[in-house]
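Keep in mind it's a predicted model, so treat the numbers as computed, not measured. Hydrogens, waters and symmetry mates are skipped; everything else that's a heavy atom, side chains included, is used.
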Amino acid sequence: MPELAKAYEPGLVEEKHYSNWLESGHYHADPESGKPPFSIVIPPPNVTGILTLGHVLNNTIQDILCRRARMKGFEVLWLPGTDHAGLATQTKVEKAVADEGTSKEELGREAFLEKVVEWKDKHGGIIIQQLKKLGCSCDWERERFTMDDEYYQSVIHAFISLYEKGYIYRGKRMVNWCPASMTAISDEEVIMTPQTGKLYTMKYEIVERPGAFLEIATTRPETLMGDTAVAVHPEDERYKEFVGLHCRRPFPEAKIPIIADDHLDPEFGTGVLKVTPAHDKADFEIGERHSLPLIDVITKDGTIDCPDVPELHGMERFKAREKAADLLEEMGLLIKKEKYKNNVGFSERGNVPIEPKISEQWFFKYPRVDEALRVVNEKQITFWPERWEKVYNHWLENIQDWCISRQIWWGHRIPIWYKGEEMKCQSESPGEGWEQDPDALDTWFSSWLWAYETMTSEVRNKFYPTSVLVTGPDIIFLWVARMIFAGLEFRPGQDETTQSNIPFKDVYFTGLIRDQRGRKLSKSLGNSPDPLELIAQHGADGLRFGMMRVAPQGLDIRYDEKQVEEGRNFCNKLWNACRFRQMQGTIDPQAQPQDHELSAYAHLALQELASTIDEIDTHYERYEFNQVAACLYSFVWGDFCSRFLEAAKADFGDPDSPTRSGTLATIDYILSQVLRLLHPYAPFMTEELWLELGFDSQTIQFASWPKADLTIFDPDEAKRAEDLYALVNAGRSLKGEFQIAGNQRVSFQLHTQSELKEKEREDLTRLLQAQSLNVVEHPPLKTPMIISPLGDLYLPLEGLVDVDKEKERLSKAINKVEQEIVREQKKLSNEQMLANAPEEKVTEWKQLYAEAKDKLAKLKTQFEQLSG
RNA sequence: GCGGUCAUAGCUCAGUGGUAGAGCACUACCUUGACACGGUAGGGGUCGGUGGUUCGAACCCACCUGAUCGCACCA
């Protein structure tokens, strides 16, 4: 067995193990397996995307769940894949094509799509390789892509089926138009963003009352040419008399009616609204109520389309806004321009303000809304944390039809065929003369089938519904809710019950990762670290452990590279603990501590291990990953390394120690458990140590998940160890207080009523790095003292004691004890408290009180001695 | 406007009814024979505010303040 390196070097082991794991086919799920199923489908990243910290968090969690499930004896399917990301990918390729001096129109549909596929082949799949670097244990043989032939056909058939049931329809309605990407988008893809713009107040002359004007406030003078009415509130006394008359629209000049509508807020602006039914959602509704004509004055790419006003025609919409205001000013119709803050809807992808626009699109009306609400509210699907239920409910209760058509080419083409006035819905062309709808479907219309269309029926039989979905709350509507709809509507389960047709049983929502200033990580802000660089620097395990340690359930994370360093440090700590063990000789992989004589320290370590295992399991049940990490961290670093291994050195220094073999067995046993417990978080290092130390010749990945064993330690012995450690701490504290170097050999004296075994005395001497520790019959005089459960410890420092300093130290201690006494006294003198508090608490308080009293007396005696 | 979340040490955060915690940072000491990606000791907090429930509140309730995120939005 080669000696372990002085520090853990992740770079040397990660690649080696990962390729071994892949070769041995560990992650290929067997639908025929007799083991119980555990399954997760990956939230498919964009095929041309690259790994972000968000992915790291999300996929580490999934990997942790999968690895633990394997160790617990489940047949695990983690189904990976990527999303074609229609609009995002097409936009990138359009840019690339533009750089080549051509355009998608010039190339035509077929040639352009070839370019997209080329692009996808070149840039696609990078993220898959990156996930492998992170250690993700996906079933890569089952990797899926939303544009795979089979998946493509499933999406088309889903459309056809919904069309036939009447849930999909075509309509000319107001949609969110993105002038940058030149497509309609869904409500969920519009981001409301606060903007500082201008509010223009202008005046329209009343046709029937020459010289009389209505003042109108607007943020969008460039749509003025599309105005087909002016509206006021029906109860607004200021304007009642004008309702039914007409205003003069300045350009192109026209007579438009003054109407009354309840939508108006008389308090806002002047209380008068210009109504542009073709370019505002609310105005459109007013227009419907009053049968107003629609005048579309903005083209698909956001330029003005109004030949009657040549000054504006063809102008970009925001330039036209200024220009229109100028024109009004020239005509003497602009009253004022003021700064104004409002919320403007931005296109998520195009990152420009959306343009509300009348457009003919395909819409989906959600079926089974009640059932979708029920499965979550009745916990057939459980949300973690629970509060996302409210968000889900709120969305469903106000659900709007989903605009599913996109004016893009890269995606699933809508299976609708036209011939003159005729229209047919089918996947293949009905024949000569039929033209297919040019549009493609919203990407989410394909990913909502992801939970089951990625599975063959054989796989589905075993693994659907999936066990848990791990995703960010930002796509709760876009993806999570819609997947629930898909499951309930298409019923891919084994029978008709709801239980068989929900897509997942649990949904774990991760937090969002932010930078130190609380901002979201984004490429444009440049605050998004490259996970690959972090892996190169600190190791995948360090990154994983570090992230998980600071990722509480459902809360956002403030990222700091320090956290990754801490993860790395932790890995190194355990590595070195193993290295230390290795120096003591060969490991016994089957070590059973109870077969040996154990030191009290070993009993305590085994007790701590048992409770750590229990705590970890409890935290897993609640998806408290940060708590699992905290348990591992504190057990390994604190209980195991700082206390037990240090105490163990006493055994290793003494070849005749009766507890030596027991200590070795205990270390081996604990390491074997700890490596397993840590494996889901740090797969690479634990595998390396597992194999290198010889715990098994086989991978750790299927080693059984530890169970707490309460029979291998004696709690009384463990308690003794606690007391011994307390004495060590007391001694170290004394040394520290007097600024004596840790390694300086001093002599301690212990005044105690209880018995101290010779072996214990020797161990303590060693742990205190002392010259000697002697039990004395009489307490020494004028000597620094500290109280511990095993007796009063004195540190005679001839000529070294600064009396004043020692008095100061004592009065500090006295002060502390006095505070404690006051606190306990207060409780014990409160009769109501004694009457109501549980008996065991009262006993505890009484004991604390007595102990404190005792301590105080001792400290005071000591103090007086010094003074006297 | 409606709803959610958060406020605990200088920083990042654990802690859901009974003695305030971790890591980092800081101070002092230690290159001790696993580890300086380390060790030992120490300083530092009226748990955002007010009121209530309770024998007892960082924790439960109400209100307030501040931050933040959804949803809906007024031109």
Side-chain angles (χ1 to χ4, degrees), chain A residues 4 6-8 187 192 199-200 216-220 223 231 263-265 267-276 280-283 340 342-343 345 385 387-388 390-391 393-395 398 473-474 476-477 511-512 514 516 518 520 538 542 549-550 552 554-560 562-563 565-584 624 626-627 630 633-634 637-638 641-642 645-646 649 652-653 729 732-744 769 819-820 823-824 826-827 830-838 841-842 844-845 848 852:
Chain A
L4 295 178
K6 197 170 171 187
Y8 173 53
D187 295 343
M192 296 308 286
L199 184 66
Y200 304 86
I216 305 170
T218 180
T219 53
R220 303 204 58 192
T223 62
H263 169 78
L264 271 282
D265 174 4
E267 302 296 314
F268 187 89
T270 60
V272 186
L273 171 71
K274 69 193 251 319
V275 185
T276 324
D280 185 280
K281 213 176 168 188
D283 289 10
Y340 185 67
N342 65 344
N343 285 330
R387 66 188 151 85
W388 293 108
K390 277 203 170 188
V391 178
N393 288 344
H394 184 256
W395 183 71
N398 300 285
D474 47 337
I476 185 169
F477 310 136
L512 295 176
R514 301 173 177 282
Q516 279 124 297
K520 277 188 196 177
H538 307 295
R549 196 155 161 256
V550 293
L555 288 182
D556 289 355
I557 296 145
R558 249 168 227 238
Y559 169 79
D560 189 322
K562 285 231 165 65
Q563 295 154 347
E565 279 174 33
E566 283 168 33
R568 177 204 58 186
N569 293 354
F570 175 68
C571 289
N572 190 57
K573 185 72 182 178
L574 181 59
W575 177 269
N576 272 287
C578 290
R579 184 162 173 266
F580 175 64
R581 171 60 188 86
Q582 197 190 35
M583 289 172 174
Q584 315 308 324
E624 291 164 343
N626 62 323
Q627 300 285 67
Y633 191 96
S634 105
W637 207 305
C641 290
S642 295
L645 286 189
E646 288 306 320
K649 285 175 183 172
F652 299 150
N729 284 342
R732 285 174 177 168
S733 184
L734 265 185
K735 273 172 109 172
E737 293 279 359
F738 289 96
Q739 312 215 332
I740 295 162
N743 59 351
Q744 194 179 326
Q769 299 197 50
Q819 274 176 20
E820 204 177 313
R823 193 170 51 226
E824 297 308 321
K826 216 168 131 189
K827 283 191 216 160
N830 184 336
E831 275 173 39
Q832 273 184 308
M833 197 155 216
L834 290 180
N836 288 306
K841 278 287 160 199
V842 176
E844 197 184 309
W845 295 334
L848 279 173

Given atom [atom1] of [X] and atom [atom2] of [N], what is their separation to the nearest angstrom?
| X | N | atom1 | atom2 | value |
| --- | --- | --- | --- | --- |
| A:Q819 | B:U46 | CD | C1' | 13 Å |
| A:K649 | B:U40 | NZ | P | 10 Å |
| A:F570 | B:A34 | CZ | C1' | 15 Å |
| A:Q769 | B:U32 | CD | P | 10 Å |
| A:R549 | B:C13 | CZ | C1' | 10 Å |
| A:I740 | B:U32 | CD1 | P | 19 Å |
| A:L645 | B:U32 | CG | P | 18 Å |

Mind checking the [atom1] distance from [N] to [M]? Whole angstroms is fine.
| N | M | atom1 | answer |
| --- | --- | --- | --- |
| B:G51 | B:A57 | C1' | 13 Å |
| B:U27 | B:U46 | P | 22 Å |
| B:C73 | B:G1 | C1' | 8 Å |
| B:C61 | B:G17 | C1' | 14 Å |
| B:C26 | B:A62 | P | 43 Å |
| B:A72 | B:G3 | P | 16 Å |
| B:G15 | B:U40 | C1' | 27 Å |
| B:G66 | B:G48 | C1' | 8 Å |

Is the NZ or CZ atom of A:K573 both under 6.0 Å from the centre of the six-membered ring of A:Y633 and within 45° of that ring's axis?
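No, cation not above the ring by the 6.0 Å, 45° rule.
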Just the table, please: protein N/O against nucleotides 7-9 of chain B N/O, every pair under 3.5 Å.
none

In Å, rounded to the nearest 0.5 Å, how long is the span from CZ of A:R732 to CD1 of A:I740?
14.5 Å
What is the nucleic acid contact for [X], judged by heavy atoms within less than 4.0 Å: base, sugar-phosphate only, or nothing?
| X | value |
| --- | --- |
| A:E565 | nothing |
| A:C641 | base |
| A:Q563 | sugar-phosphate |
| A:R568 | base |
| A:E566 | sugar-phosphate |
| A:A630 | nothing |
| A:K573 | base |

Readout for nucleotides 51-60 of chain B: B = base within 4.0 Å of protein heavy atom, S = sugar-phosphate only, - = neither; 5' to 3' it is ----BS----
Expected string for nucleotides 69-75 of chain B under the B/S/- scheme (protein heavy atoms, under 4.0 Å, primed atoms plus P, OP1, OP2 as sugar-phosphate) is SSSBBBB
Heavy-atom pair with the smallest gap, counting every atom of A:I216 and A:L273:
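Shortest heavy-atom contact: CG2-C, 4.2 Å.
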Of all heavy-atom pairs between A:L264 and A:G271, which one has the smallest distance, and what is that distance?
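Looking at all heavy atoms of both residues, the shortest contact is CD1-O, 3.7 Å.
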State which residue, out of A:Q627, A:E566, A:Q563, fulfils the side chain to side chain donor-acceptor pair (under 3.5 Å) condition with A:R549.
A:E566
Out of B:C24, B:G3, B:C37, which nucleotide sits closest to the side chain of A:K390?
B:G3
Starting at the 5' end of RNA chain B and moving along, which residue's nearest nucleotide shows up first, A:M583 or A:N569?
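Final value for this comparison: A:M583.
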Between A:N626 and A:E646, which residue's closest nucleotide on RNA chain B lies nearer the 5′ terminus?
A:N626
Are any of A:R558's side-chain N or O atoms less than 4.0 Å away from OP1 or OP2 of B:C13?
yes
Parallel, tilted or perpendicular: which describes the rings of A:W637 and A:F570, with under 30° parallel and over 60° perpendicular?
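Parallel.
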Beyond-backbone contact of [X] with [Y], side-chain heavy atoms, under 4.5 angstrom:
| X | Y | result |
| --- | --- | --- |
| A:T223 | A:K274 | yes |
| A:F477 | A:V391 | yes |
| A:K827 | A:K841 | no |

Side chain [X], main chain [Y], donor-acceptor under 3.5 Å:
| X | Y | answer |
| --- | --- | --- |
| A:Q582 | A:L4 | yes |
| A:N572 | A:Y8 | yes |
| A:D280 | A:T276 | no |

List in chain and number order the residues that pass side-chain hydrogen bond (donor to acceptor under 3.5 Å, both in side chains) with A:R558, two or more places apart in sequence or in another chain; answer none if no residue qualifies.
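Partners of A:R558 under the side-chain hydrogen bond (donor to acceptor under 3.5 Å, both in side chains) test: none.
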Produce the list of close N/O pairs, under 3.5 Å, pairing protein atoms with atoms of nucleotides 41-44 of chain B; give distances to one decimal.
residue: B:G42; atom: OP1; partner: A:S733; partner atom: OG; Å: 3.4

Watson-Crick or G-U stems involving RNA chain B, each at least 3 pairs long, distances under 3.5 Å, ordered by first number:
B:1-7 with B:65-71, B:10-13 with B:21-24, B:26-30 with B:38-42, B:48-52 with B:60-64
